[in-house]
Participant: 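Below is one structure. I have some questions about it.
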Amino acid sequence: MTLRTAVHLHPAHRVGPVRRRTFGSFVEHMARCVYTGIYEPGHRLADADGLRTDVLALTRELGVSSVRYPGGNFVSGYRWEDGVGPLEDRPRRPDLAWHSTEPNTFGLDQFMTWAERAGVEPMYAVNLGTRGAQEALDVLEYANAAVGTELADHRAANGHAAPYDIRMWCLGNEMDGPWQIGHRPAEEYGRLAARTARAMRRQDPDLELVACGSSHSAMPTFGSWEQAVLEAGYDAIDMLSAHVYYREEDGDSASYLASAEDMDAYIDAVVATSDHVRTLGGHRKRIMISFDEWNVSGSGGGDPGKEPTGDDWPEAPRFAEVTYTAQDAVVVGSLLISLLRHTDRVASASQAQLVNVLGPIRTEPGGRAWRQSIFHPFALTSAHARGQVLTAAIDSPTVETAKHGPSTALDAVATWGEGPGDLTVFAVNRAPDEHLELSVPLEAFGTADGAGRFEVVDAVLLHEEDPYAVNTADDPDRVVPRPLTGVQLEAATLATALPPISWAMIRLRARS
Ligand code: AHR
């Protein structure tokens, strides 16, 4: 069956500017994200610092804007000083978050070198699990202070005289979660985060500080956690974090494809809670969201490996290596639509993670690196979402889903105006079985001559007849975007068709 759908846009109806930080990622000392992911001395493509140049090139191609580091759950037991200084002096430690051995042969200075070569902005998380304000101040001094104090001089002695000037700092990780080392009640964490933030601002009042929100919206404390943390330190912080991972469960493709309904509701709830505390406290500023862990954890492609247990404490174990399907890529494209739609309140986002661990990039130790299916919608959205995000009024029949209730078959967002007359539409068909006819009326963009004003400069589709098709090292281009054929511009309307379970990007440009 074919369903008729439309997106209504107006160039004056804007949500806000596209933020480059929406296209962030995440590198954690977990499994093979760092070791044999971004860092592998001895690999034939490693540079003199042991950084894999094949992964650096793919990171740049992915269009990553910022990268959160060093965790994740890992950070809640981490001593940052273990990872700086001469390699031979660095201690090996048990990593209690991931039941592994941390060799500490990669640390802050190497991460900053990697970030510079990858062309990304760093976002650094401090340990508020086993540590507190003093250690946060220490790592801040090491990273950002001008030479002339002990820790800044230590950085200089390690070869980095110029301060790193890291702007975004996370005040711990997922402190609402009972699994987190140092997990504590919201009021207690809120006080710790607030006093750490206030102390850090004594060194630099303009830091951008992120307090932990909930680990996901199904947490029993969701809402009350955010309220308590904000009541403890509203003025001290700039952003609250949000985290979520979606996956297909029990073959329920319809619910999985509609995951952005849940992300929309999650963001709206955090915004509502933040604004409630703002009203109660008589505050002026608005708290923004740092969606600093989001991703899909799969439709069940491949064997992801198992987290070590018992007496086994390996270095860089292979687990969480999800092999992504075409359907997973469609959901990632759809989640990016949700993040863009909330550009007025989502100030930063990080897909978790970059390499191997739930990564759009996969590597073999000592071997190849390739793009997983989810690489493509991220790279294309990052490359072409520019200018202003427009409000998109969606006209679409709904699909009934077990988890999210009715969900529109079509979802879409549009960006407008980086260059004169650049209009880019990102659209997703979330129906497992139905084809969509999509129309986008364009009269509002110009006038009487309507469609004649635009030309299609690019139209791509991510869709596979087998939604469970995957990319592998031997077949790395099995799932890739292909040309979207049959795009028409007639009678001041853009028209096209979208097959079931598909993501598309259509770029228009005004004729000069
Ligand atoms: O990204 C993997 C893990 O998921 C992170 O360490 C943690 O913060 C989250 O629960």
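Nothing fancy with the numbering, it's 1 onward along the sequence. For ligands, and for the atoms within them, numbers begin at 1 and follow the listed sequence.
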Participant: Under the ring-ring contact (aromatic ring centres under 6.0 Å, His included) test against Tyr69, which residue among Tyr78, Phe111, Tyr39, Phe74 passes?
Facilitator: Phe111
Participant: So do Ile166 and Met112 actually touch side chain to side chain, heavy atoms under 4.5 Å?
Facilitator: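 A side-chain contact under 4.5 Å exists here.
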Participant: Say whether Ser215 and Asp176, considering side chains only, have a donor N or O and an acceptor N or O under 3.5 Å apart.
Facilitator: yes
Participant: Using a 4.0 angstrom limit on heavy atoms, which residues are close to ligand 1?
Facilitator: Phe26, Glu28, Met30, Gly72, Asn73, Trp98, Asn173, Glu174, Tyr245, Glu293, Gln353
Participant: Ring-plane angle category for Trp294 and Phe378, please: parallel below 30°, perpendicular beyond 60°, tilted otherwise.
Facilitator: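 Parallel: the ring planes of Trp294 and Phe378 meet at under 30°.
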Participant: Output all residues satisfying side-chain contact (heavy atoms from CB on, under 4.5 Å) with Ser334, sequence neighbours left out; order by chain, then residue number.
Facilitator: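 Partners of Ser334 by the side-chain contact (heavy atoms from CB on, under 4.5 Å) criterion, ordered by chain and then number, come out as Ala260, Val428, Arg430.
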Participant: Answer yes if the ring centres of Phe291 and Tyr266 are under 6.0 angstrom apart, and no otherwise.
Facilitator: yes
